[in-house]
Protein chains: 2
Amino acid sequence: MKPTESEMEILQVLWNKGQCSVREVFEALNKKDVGYTTILKLMQIMHEKEMVTRDTSSKTHIYTANINKEKTQNQFLNKMIDTVYNGSTSRLVMQALGNHKTSKEEIDLIKDYLNQLETK
Amino acid sequence: MKPTESEMEILQVLWNKGQCSVREVFEALNKKDVGYTTILKLMQIMHEKEMVTRDTSSKTHIYTANINKEKTQNQFLNKMIDTVYNGSTSRLVMQALGNHKTSKEEIDLIKDYLNQLETK
DNA sequence: TTGCATTTACGAATTCTTTCGTAGATTTGA
DNA sequence: TCAAATCTACGAAAGAATTCGTAAATGCAA
């Protein structure tokens, strides 16, 4: 049900690009030390689990994500809030905002979002 | 280096309580279907990995977390931002805020925090 | 056409994580 | 004191997740 870490990386590519062959995913991931057939195998397993669908009409199969991006992200997020932040969303958020990687633009986006939340 | 999920649950308890025997952790976790010796073994492994230290001067050993809470949380957070949110902190934050589990109090906390960030 | 490159399928090995049984030591209290 | 309870150590099994080698099919290009 819940994707593994490797599966998540693959889903990431599929969500971004929409449709991909194994090779496209393999190249997008660009992992050293991981061979082509490893990615292939993972995607076959994901197909068995029905996390992805595929079009096998031509030799090169074309894969598409078959689970919802937002729902899946939320699943990870909630798990993380529980096991890493002891259930506190605000602590996660504040740490995320405080970790220097956040640009001014991103912070502005979040302010807008908070204001929206407020007026509702 | 990076704690596993089970290890994270144990660390959670140790960070909260400071110092614990195996039994205390076992009881705090309160997991059905997981025996005492399982937690013991995990904590012994964590000791080997130097994630925890322990005082063995009495029969019941007392464990203490030996890795930094904020640093470890950040490690998970950054990994998550990368593999689940494609590198976008603001998307993670907005999804966290949007998932209903956030109370008004928490939202206010975050606003204060953003204002602080701003004035710096 | 024919052989080279690409692709799939699949089994199996490897590695990582979690689980627990059992044995032996220590403590406690009846 | 000594039996019951509690604890540690440790090996090993079970279960997940990842990895890849190899064989067979397919398509492409000379």
Side-chain angles (χ1 to χ4, degrees), chain A residues 1-14 17 19-64 67 72 75-76 79-80 82-84, chain B residues 1-14 17 19-64 67 72 75-76 79-80 82-84:
Chain A
M1 186 68 262
K2 180 156 159 283
T4 69
E5 204 136 289
S6 303
E7 288 170 346
M8 205 61 193
E9 292 181 344
I10 291 169
L11 283 168
Q12 207 57 246
V13 176
L14 293 176
K17 302 205 173 191
Q19 297 197 309
C20 291
S21 64
V22 173
R23 182 147 307 270
E24 283 174 296
V25 171
F26 174 69
E27 271 158 11
L29 289 179
N30 188 33
K31 293 194 141 195
K32 309 170 206 303
D33 309 326
V34 178
Y36 174 80
T37 52
T38 300
I39 304 299
L40 169 66
K41 178 67 165 184
L42 283 172
M43 291 175 75
Q44 285 169 343
I45 290 171
M46 290 169 82
H47 181 246
E48 274 172 32
K49 296 186 184 172
E50 300 186 77
M51 270 174 200
V52 297
T53 55
R54 63 180 179 181
D55 175 352
T56 59
S57 58
S58 51
K59 180 193 174 191
T60 301
H61 299 177
I62 300 298
Y63 289 76
T64 312
I67 59 177
T72 307
Q75 197 179 334
F76 271 83
K79 176 86 184 173
M80 171 121 170
D82 275 3
T83 69
V84 180
Chain B
M1 188 64 264
K2 182 157 156 280
T4 69
E5 206 137 288
S6 304
E7 289 169 344
M8 205 61 194
E9 291 180 345
I10 291 169
L11 283 168
Q12 209 56 245
V13 176
L14 293 176
K17 304 205 171 189
Q19 296 197 312
C20 291
S21 65
V22 173
R23 181 146 309 269
E24 284 173 295
V25 171
F26 175 67
E27 271 158 12
L29 290 178
N30 188 34
K31 294 194 140 194
K32 308 169 207 301
D33 309 327
V34 177
Y36 175 81
T37 51
T38 301
I39 305 298
L40 169 66
K41 179 67 165 184
L42 285 172
M43 290 176 74
Q44 286 170 342
I45 291 170
M46 289 169 81
H47 181 246
E48 274 173 31
K49 295 184 185 174
E50 299 186 80
M51 272 176 201
V52 298
T53 55
R54 63 180 180 181
D55 174 353
T56 58
S57 59
S58 52
K59 180 194 173 192
T60 301
H61 299 178
I62 300 298
Y63 288 76
T64 312
I67 58 177
T72 308
Q75 196 180 335
F76 272 84
K79 176 88 183 172
M80 171 120 171
D82 275 4
T83 69
V84 180

[X] side chain near [Y] side chain, heavy-atom distance below 4.5 Å:
X       : Y       : answer
B/Phe26 : B/Arg23 : yes
A/Ser6  : A/Ile39 : no
A/Val84 : B/Met8  : yes
A/Thr38 : A/Lys41 : no
B/Ile10 : B/Met46 : yes

For A/Ser21 and for B/Ser6, find the nucleotide of DNA chain C with the closest heavy atom, then tell me which residue's nucleotide is more 5'.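 Looking at DNA chain C, the more 5' nearest nucleotide goes with A/Ser21.
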
Identify the heavy atoms of B/Phe76 and A/Met80 that sit nearest to each other, and give their distance.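 What the structure gives for the nearest pair is C-CE, 3.5 Å.
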
Minimum heavy-atom distance between A/Met51 and A/Leu11, given as atom pair plus value: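 Smallest heavy-atom distance, with atoms named: O-CD2, 4.2 Å.
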
Return the 5'-most residue of the pair A/Glu5, B/Val22 with respect to DNA chain D, ranking by each residue's nearest nucleotide.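 The residue mapped nearer the 5' terminus is B/Val22.
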
Within the pair A/Arg54 and C/dT7, is there a side-chain N or O less than 4.0 Å away from OP1 or OP2?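 Checking C/dT7 against A/Arg54, no side-chain N or O comes under 4.0 Å of OP1 or OP2.
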
C/dT8 phosphate, OP1 or OP2, under 4.0 Å from A/Thr56 side-chain N/O: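 Checking A/Thr56 against C/dT8: no side-chain N or O falls below 4.0 Å of OP1 or OP2.
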
Can you measure [X] atom [atom1] to [N] atom [atom2] for me and round it to whole angstrom units?
X       : N      : atom1 : atom2 : answer
A/Glu48 : C/dG11 : CD    : P     : 10 Å
B/Glu7  : C/dT18 : CD    : P     : 6 Å
A/Arg23 : D/dG27 : CZ    : P     : 16 Å
A/Glu24 : C/dT8  : CD    : P     : 11 Å
B/Met8  : C/dT17 : CE    : P     : 14 Å
B/Phe26 : C/dT18 : CZ    : C1'   : 15 Å

If the threshold is 4.0 Å, N to carboxylate O, is there a salt bridge linking B/Lys2 and B/Glu7?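 No salt bridge links B/Lys2 with B/Glu7.
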
Reading 5' to 3' through nucleotides 23-30 of chain C, protein heavy-atom contacts under 4.0 Å coded B for base, S for sugar-phosphate only, - for none: ---BS---

Counting only non-hydrogen atoms, which of residues 33-47 of chain A are less than 4.0 Å from DNA chain C?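 Only A/Tyr36, A/Thr37, A/Leu40, A/Lys41, A/Gln44 qualify.
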
Check against side chain to side chain donor-acceptor pair (under 3.5 Å), A/Ser21 and A/Glu24: CA-CA 5 Å; A/Ser21 64; A/Glu24 283 174 296; 3.3 Å; yes

